[in-house]
Amino acid sequence: LNNGGVVIDLSALAENSIVVDGDEVTVGAGVTWRDVYPALAPHGLVFPGGECPMVSVAGLTLGGGISLLSRSLGLTIDHLLEATVVTADGSIVKVSDTLNPDLFWALRGAGASYGVTTSMKFKLTPIEANLLAGEVEFDSKSWIDAILRVTDYMANQAPRELNLQIMMRSTGGQLRITYNGPVDEGREVVEALLAGTPKHKRSLQARPYANYLSTIFGELEGQFHGYWRSAFVDEPLSEDTLALVHEHVALAPSELEFASIEFFNGAVHDQAPPDTAFVHRDRLALVGAYGNWLGETGSGEPISWARGLYEAIEPTLSNSHYQNYPSLEVEDWADGYYGANYPRLRQIKSLVDPENLFGSLQSVRPR
Ligand SMILES: Cc1cc2nc3c(=O)[nH]c(=O)nc-3n(C[C@H](O)[C@H](O)[C@H](O)COP(=O)(O)OP(=O)(O)OC[C@H]3O[C@@H](n4cnc5c(N)ncnc54)[C@H](O)[C@@H]3O)c2cc1C
């Protein structure tokens, strides 16, 4: 995306820079998610963000921010109160609902095109000391039936406290569940979700959210690389499409590769597409093919596997893509990432960065 461009290292803007003040937290631009949840846990507070330790708070937030709490709390940008941005002319600008509101609007979904964000202030929300969280596993023979049932429940009945991601690998199908509410209520909802599904194994437990994330974090440490293709959908995947996914995941080169469905309704829909630069508010889920590998070599098979899976199911997906999972293979990226919000984004870009200093192959263009 940035051939011949400059990369600015913001890691020095991380030290000592998670500052909690009442129900707000200010985070430096170099802070990664690894440090955020343990810092917030003693306060019994949270804001929804990434589950991967090496991703920065700023980078994830500027594109929207999908998380294990999206259905209950919305996107990360929905909790952003204020940011400090260094713009193309060298000014240091504060943005919020009242300070430079147009730039604040653009930052929440297309932020990387407008300047260097050096710090962000978020509104915090109380979280139960323990959440029902963990995985449910179906074997590779039975997961299509399970996922048909689960996706129908998520589309039509699930309370917004139920956050769910489906991961489909060569070894079977996995539901990653976080119930953001009282544990007993969570158990009842999970029973309703799983009623009528085939035999499965459960590792759901009542545990602090930060602890659950650290178990997922553990899986992802190391030299992680990926080729990811994804698109939003408005309807659950059909049985035929799931059969195609099943065929492909059976041939995945390793257990690092997976197909995923991340549910996105609930609190994400509380805002309308024009309310922030993040336009994909009315979608049901994000569906993706993830080819991953560790270290510098070994990319060939995961890439061709993920590309093959994505191309097989692409006709059933929308042309709308998550801007934080960019791909040079997305043909009409401006429409795919920003849809009807793109003209307003260009107008703001022309005022803030008319020479396109913060430009890449897929950044908002000035008019
Ligand atoms: C392993 C992994 C897991 C992920 N999980 C999630 C997830 O759960 N939810 C989700 O929503 N996304 C997720 N993402 C996507 C992630 O949000 C984007 O890749 C994001 O751009 C990463 O930001 P970064 O700063 O960590 O990465 P970098 O590569 O350092 O930055 C990516 C780009 O973001 C911009 N950027 C970053 N920081 C700033 C800043 N301070 N000011 C201006 N521009 C900036 C720049 O254009 C930069 O080129 C994941 C990505 C990975 C690799």
Side-chain angles (χ1 to χ4, degrees), residues 1-3 5-14 17 27-37 47-70 73-80 83-88 92-93 95 103 106-120 163 165 167 176 178 213 216-230 232 256 258 260 262-264 268 277-278 280 286 288 290-294 321-327 337 352-353 356-364:
L1 290 178
N2 188 25
N3 261 353
V6 171
V7 173
I8 305 173
D9 179 358
L10 297 176
S11 52
L13 294 179
S17 64
V27 180
V31 170
T32 57
W33 293 102
R34 177 185 291 106
D35 297 322
V36 171
Y37 302 106
F47 68 103
E51 64 239 44
C52 295
M54 63 292 239
V55 171
S56 84
V57 173
L60 177 137
T61 306
L62 294 171
I66 300 176
S67 76
L68 295 183
L69 298 176
S70 291
L73 296 180
L75 299 172
T76 310
I77 48 171
D78 300 337
H79 300 255
L80 185 65
T84 306
V85 186
V86 180
T87 53
I92 300 173
V93 176
V95 300
L103 185 51
L107 224 64
R108 286 172 292 161
S113 296
Y114 293 87
V116 180
T117 295
T118 55
S119 82
M120 293 176 147
N163 299 270
Q165 179 181 9
M167 298 167 95
R176 188 174 270 175
T178 317
L213 286 175
I216 303 174
F217 284 1
E219 287 170 23
L220 287 164
E221 292 290 2
Q223 288 268 308
F224 188 83
H225 298 275
Y227 166 93
W228 299 355
R229 294 297 312 276
S230 59
F232 292 100
L256 288 174
F258 61 92
S260 152
E262 287 175 80
F263 288 92
F264 208 66
V268 176
F278 186 92
H280 322 285
L286 181 67
Y290 300 84
N292 298 313
W293 61 99
L294 299 173
H321 305 276
Y322 183 28
Q323 51 271 41
N324 264 352
Y325 295 167
S327 166
Y337 300 152
V352 178
D353 183 14
N356 200 21
L357 182 68
F358 298 103
S360 73
L361 289 176
Q362 293 185 341
S363 59
V364 175

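Worth knowing before you read on, the calculation uses all heavy atoms, side chains too, and leaves out hydrogens, waters and symmetry mates. One-based numbering, in listed order, for ligands and for the atoms of each. Quick caveat: nothing in here was measured; it's all calculated off a predicted structure.
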Hey, does the side chain of [X] reach the backbone of [Y] with a donor-acceptor pair shorter than 3.5 angstrom?
X    : Y    : value
T61  : V57  : yes
H225 : G291 : no
Q165 : L68  : no
H321 : P326 : no
N324 : L60  : yes

[X] and ligand 1 - part of the residue with a heavy-atom distance under 4.0 Å:
X    : result
W228 : side chain
L1   : neither
S56  : both
T32  : neither
F358 : neither

Between ligand 1 and Y114, can you find any atom pair, the residue atom being a heavy atom, that is separated by under 4.0 Å? no
G65 to ligand 1, any heavy atom closer than 4.0 Å: yes
Considering the heavy atoms of [X], write down every atom of ligand 1 situated less than 4.0 Å from one of them.
X    : value
A112 : 35 (C), 44 (N), 47 (O)
L62  : 39 (C), 40 (C), 42 (N), 43 (C), 44 (N), 45 (C)
G115 : 42 (N), 43 (C)
L10  : 40 (C), 41 (N)
A58  : 41 (N)
I66  : 7 (C), 8 (O), 9 (N), 10 (C), 11 (O)
E51  : 8 (O)

Pick, from G59, G28, P326, the option with the minimum heavy-atom distance to atom 20 (C) of ligand 1. G59
Looking at residues at least two apart in the chain, or sitting in another chain, which of them share a side chain to side chain donor-acceptor pair (under 3.5 Å) with D78? Q271, R281
Please name all residues satisfying side chain to side chain contact (heavy atoms under 4.5 Å, CB included) with L62, sequence neighbours left out, ordered by chain then number.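 Checked L62 against side chain to side chain contact (heavy atoms under 4.5 Å, CB included); matches are L107, T117, M120.
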Please verify the inter-ring angle class for W228 with Y325; under 30° counts as parallel, over 60° as perpendicular, anything in between as tilted.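 If you compare the ring of W228 with that of Y325, the planes turn out perpendicular.
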Name the orientation class of the two ring planes belonging to W33 and Y37 (parallel below 30°, tilted from 30 to 60°, perpendicular beyond 60°).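 Answer is parallel, since the angle falls under 30°.
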Heavy-atom pair with the smallest gap, counting every atom of G65 and S70: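 Looking at all heavy atoms of both residues, the shortest contact is O-OG, 4.4 Å.
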Under 3.5 Å between any N/O of S67 and any N/O of ligand 1: does that happen in this structure?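 Min N/O separation from ligand 1 is not below 3.5 Å for S67.
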